[in-house]
Structures are given as structure tokens and as C-alpha cells.
Amino acid sequence: MSLRLAIDGGERAVKTPLPPMFPGGMRIGAEEEQAVLNVLRSRRLFRYYGPAPGPSQTDLFEQEFAAHMGTAYALAVSSGTAALMCAMAALGVGPGDEVIVPAYTWIATASAVVALGAVPVIAEIDESLTIDPADVECKITPHTRAIAAVHMRGSPCRMDALTEIAHRHNVSLIEDVAQAAGVSFRGKRLGAWGDAGAFSLQFNKIITSGEGGVVLTNSHALYKRAIMYHDVVGGYRHHIPPDEILPGVNFRMNELQAAIALAQLGKLEGILADMRRNHAAIVERIADCARSAGVLLRRLNDPTSDAGLALVLLLPSAECTRWAVDALRAEGVGAMTLYRPDVEDYHVYRYWAPIMNQKTWTEQGGAWRWAARTIEYAPDMCPRSLDLLSRALHLNVSPDLSEAQIEEVATALNKVLEAL
């Protein structure tokens, strides 16, 4: 099968460069600019005090974020990794514990587990490219403390099944919502299903403050513990009795980040609506060719609430996928496959070098030395995940695609699918 098959049909399909995939970042405008100026003019860069009294932007952001996501509490922190660590610390994750994580997630999910002295146990994904509840069930041991449900590429995990498993085994459920802010499962926002939810506001994410994160929970007890962990004097600031205060670190969000995040939160639903519209328009235009080529869309656990930020097609083989990616790039579409053995990607478990090699900061201790049992990893330990990811063809779907660009992307996809 020659690449020329895909490109002999005429001119390159995409005539102009497609917009960069920074959904919130590309929509930074007058609102964020004014919000930052207001903070700078107030000279209050720290949430708890400044030269003059006034409302904290971080307080306001937390209140608005919790209300938007439908939870009782939100805690703004310095990054998505900080949010994961605060959530896990609040839930009591520590040395000797195991946390089940998916084979396909950014390494930060597993690194947060290790940072708290616990051990990540890696589970397979399914055709939704999110954690497979059936394999989660197989990986639970008496040492399991929590399950990390990661909503990858804007699509929800099967939260009904995972919630049932967590309740039945009496383990905690943490949601990693870094790539799916604003998305729901069966009408309930992601981050509100589990015991705690962790969000990222890093620049690649749906909304952004450059860096930043949020912890969500409906539990006042967990919220208090997260407050104490994220701020070295969080217990004192929040009038927690001295005999209840636990030692913490500094993962605080500053007022400039919060001001930008608050402005971005007001744009979240519009960004989601535009990505979903563009995604649906492309799918509609390629549906017939995809069926003829035997190509499937990634399974959506809730077809009504995918973020629409990525079009993921599952092709018959890894070879077909690599060929299709090259052909689409020749047409001007920045496609990629989600796994290939010769390309290192820290979204795929086998490339988590410090995890796979069980590296620790000291020779005397560390997560795997403190584990209650021997944990072993191998590059081929999740074969189903590697197969699915090697056959997954991924295209970013920007909220800023024009109608002409949507048509060009669909034309390129149809040329390649017909050539398949």
C-alpha cells in the first residue's frame, strides 16, 4: 500500500494551517487581561493578604468552580499534580498502599501516587481508552487504597461501574479530570462522582491559567485534610484545632492564576460547545467512508457528553494506523497514533521510566520498599492497552476550526479512508 494512494487525488486537502490545540489558551482576551490588571493594581498577589483589604480572586474562583461542577467544596492549587497529591493525601493514601491507575494516562497520575509513598498498580484500558472496570476488579488486593479514574482525551470513564466496585471493596475513588473539565457522565459532572476530583489548568487543558489545579469534593472532612496538605499553615489559617492539624507543604494558587482561571471558567461552556459542534461536523462527513473501511470511532461511555476535543478512530491494525497517519500528514492534517514502540510518550505506561524502574530518591526508602507485597512491572504487561493505542488514530479538534477547515479535514480523512 503506497502513500501515493492517499495523495494522488489532487492538491493537498488542508490549504491553511489548522489552529493550535490550546483551547482556553487561544481564547485569552480582554477578560483575562483586565482580570490580571485588576490584581496587579491591587498589589494583592497572595490570596490571604495584601496592602489593602479586598476580595480574594482565589476564593471567588473556588466558589464559582464548585458551583459550576456541582460539589460542596473546591480547593485551588498550583498544578494538576498538586491536585492529585492533595486528593490522595486527604484520602489517606500512603506507604504500604496500592492505587490502581490506567495504562494510558499522563505519568503525573502515577507519580503522585509514588510521591505519597504508595505504589501504582497498572490496569488495562478498554475501547473508550479509559480504565477498564473489569481489569480494575482483577487488580484489587487487600492493600488497595484507591482507584484513579482518568477521563482521557475528554471522554468519561464508566463511573457507574467504577463507583460500584469502589463501594463494594471499600476503597476510595479519585477522578483525574485534567483533560475533561466541564464534561459529565449521565448528567453528573466529572469530578463530582468520586470521593475527590483533581483538575489541571496547565496550558494544554480545556481552560487554563498557564499552570494550576483544583481539588473537588463533597466531603468536609476531606476538604479540611486537603487544605492542611496544600498549605503549610492551612490548619492554622482555617482555625482547625491544633491537636487535629497535620503537616503540609505549599501548593497554593496565587491571585494572578486565580484571576485568569476565573475568567476562563466563564468561557468553558462556549469552548465545549464549539469543540463538540466541530467534532460532530467532521464525524458526520466521514461516517460513510469510515464504515466502508471498517474503521470504528472510539467508544464513548456517554455519547451525550464527550468534550469533543479529539477525534479518535480505531483502525484494523497498527500498520494501517501508521500508514494513515503519514497519509494524513501529507494532506496537512496533524494526525498521530497514540502508541508506537519507537516513539517515547509519557502517556503510555511502558515509557514511565522512573515508575517501571522503581526509582526512589533515597536508597533507604521509597514506595516499592514500603509496599506490602512485591510489585513487578513489564513493558508488555498490558497487551490489550498497547494494541488499542497502536491502532488508535488521533486528531485534535480545535474549538477555533472554521467551516472551511472542517471541510478540508473531512476531505483529507475521506481520501485516506477510501485509500484504506
Side-chain angles (χ1 to χ4, degrees), residues 1-22 103-104 106 125 127-129 152-155 179 204 275 278-279 281-299 308-351 379-380 382-398 400-402 404-420:
M1 192 185 296
S2 168
L3 180 61
R4 187 166 296 280
L5 283 173
I7 59 177
D8 271 351
E11 296 181 354
R12 175 172 158 148
V14 177
K15 309 295 193 299
T16 56
L18 300 177
M21 194 57 192
F22 306 117
Y104 178 51
W106 184 239
I125 60 170
E127 286 79 1
S128 68
L129 305 189
M152 286 299 291
R153 305 295 183 187
S155 190
Q179 298 186 7
N204 282 102
M275 289 192 298
N278 294 346
H279 185 280
I282 295 170
V283 169
E284 181 181 15
R285 287 167 168 81
I286 69 167
D288 290 341
C289 282
R291 274 193 298 270
S292 297
V295 170
L296 302 175
L297 287 169
R298 167 181 62 167
R299 192 187 76 212
L309 60 81
L311 177 65
V312 182
L313 302 174
L314 294 175
L315 276 63
S317 69
E319 292 74 20
C320 281
T321 304
R322 289 196 292 270
W323 178 86
V325 165
D326 290 342
L328 283 167
R329 288 177 177 173
E331 296 291 342
V333 177
M336 65 178 184
T337 182
L338 294 180
Y339 165 68
R340 51 188 302 167
D342 57 333
V343 177
E344 189 172 2
D345 183 350
Y346 266 36
H347 287 94
V348 181
Y349 78 91
R350 69 176 299 167
Y351 295 119
D380 58 352
C382 293
R384 185 181 178 204
S385 298
L386 296 180
D387 174 64
L388 286 167
L389 295 171
S390 71
R391 295 190 291 111
L393 188 153
H394 176 283
L395 282 77
N396 289 322
V397 179
S398 168
D400 300 323
L401 287 171
S402 67
Q405 288 170 325
I406 289 170
E407 188 60 42
E408 289 173 352
V409 169
T411 297
L413 277 164
N414 282 329
K415 287 175 69 174
V416 172
L417 291 171
E418 287 170 1
L420 279 175

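When all heavy atoms are compared, the tightest approach of Tyr339 to Leu386 is CD2-O, 3.6 Å. Shown here for Tyr351 and Val343, the closest heavy-atom pair between the two residues is CE1-O, 3.4 Å. Of all heavy-atom pairs spanning Arg298 and Met152, the tightest one is NH1-O, 3.2 Å. In terms of heavy atoms, Ala412 sits closest to Val333 at CB-CG2, 3.8 Å. Considering every non-hydrogen atom in both Asp400 and Gln405, the closest pair reads O-OE1, 4.0 Å. Of all non-hydrogen atoms in Ser390 and Thr337, the two that sit nearest each other are O-OG1, 3.3 Å.
Of the charged side-chain nitrogens involved, at least one lies within less than 4.0 Å of a carboxylate oxygen, so that Arg322 and Glu319 count as a salt-bridged pair. Salt bridge status for Arg384 with Glu127: present, with a side-chain N to carboxylate O gap under 4.0 Å.
Under the 3.5 Å distance criterion, the side-chain polar atoms of Asn414 are matched with a main-chain donor or acceptor of Arg285. A donor-acceptor distance shorter than 3.5 angstrom exists from the side chain of Arg329 to the backbone of Ala335, with no hydrogens or angles considered. Under the 3.5 Å distance criterion, the side-chain polar atoms of Asp345 are matched with a main-chain donor or acceptor of His347. In this structure, the side chain of Tyr349 does not engage the main chain of Ser385 through any donor-acceptor pair within 3.5 Å.
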*After noting the C-alpha distance and the side-chain angles of Asn278 and Val409, does the key distance pass the side chain to side chain contact (heavy atoms under 4.5 Å, CB included) rule?*
CA-CA 11 Å; Asn278 294 346; Val409 169; over 6 Å; no
*Where do Leu297 and Leu311 land on the side chain to side chain contact (heavy atoms under 4.5 Å, CB included) test, with the steps shown first?*
CA-CA 8 Å; Leu297 287 169; Leu311 177 65; 3.5 Å; yes
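Atom CG of Leu401 is separated from atom CE of Met21 by 8.5 Å, given to the nearest 0.5 angstrom. In this structure, the separation between CG on Leu309 and CG on Leu395 is 12.0 Å, given to the nearest 0.5 Å. Interatomic distance, Leu389 CG to Arg340 CZ, rounded to the nearest 0.5 Å: 14.0 Å. Summarising the geometry, atom NZ belonging to Lys415 is positioned 12.0 Å from atom SG belonging to Cys289; distances are rounded to the nearest 0.5 Å. Distance check: Glu408 CD to Ile406 CD1 gives 10.5 Å after rounding to the nearest 0.5 Å. In this structure, CG on Leu417 lies 6.5 Å from CG on Leu313, to the nearest 0.5 angstrom.
The only member of Leu315, Val295, Leu393 that meets side chain to side chain contact (heavy atoms under 4.5 Å, CB included) when paired with Cys320 is Leu315.
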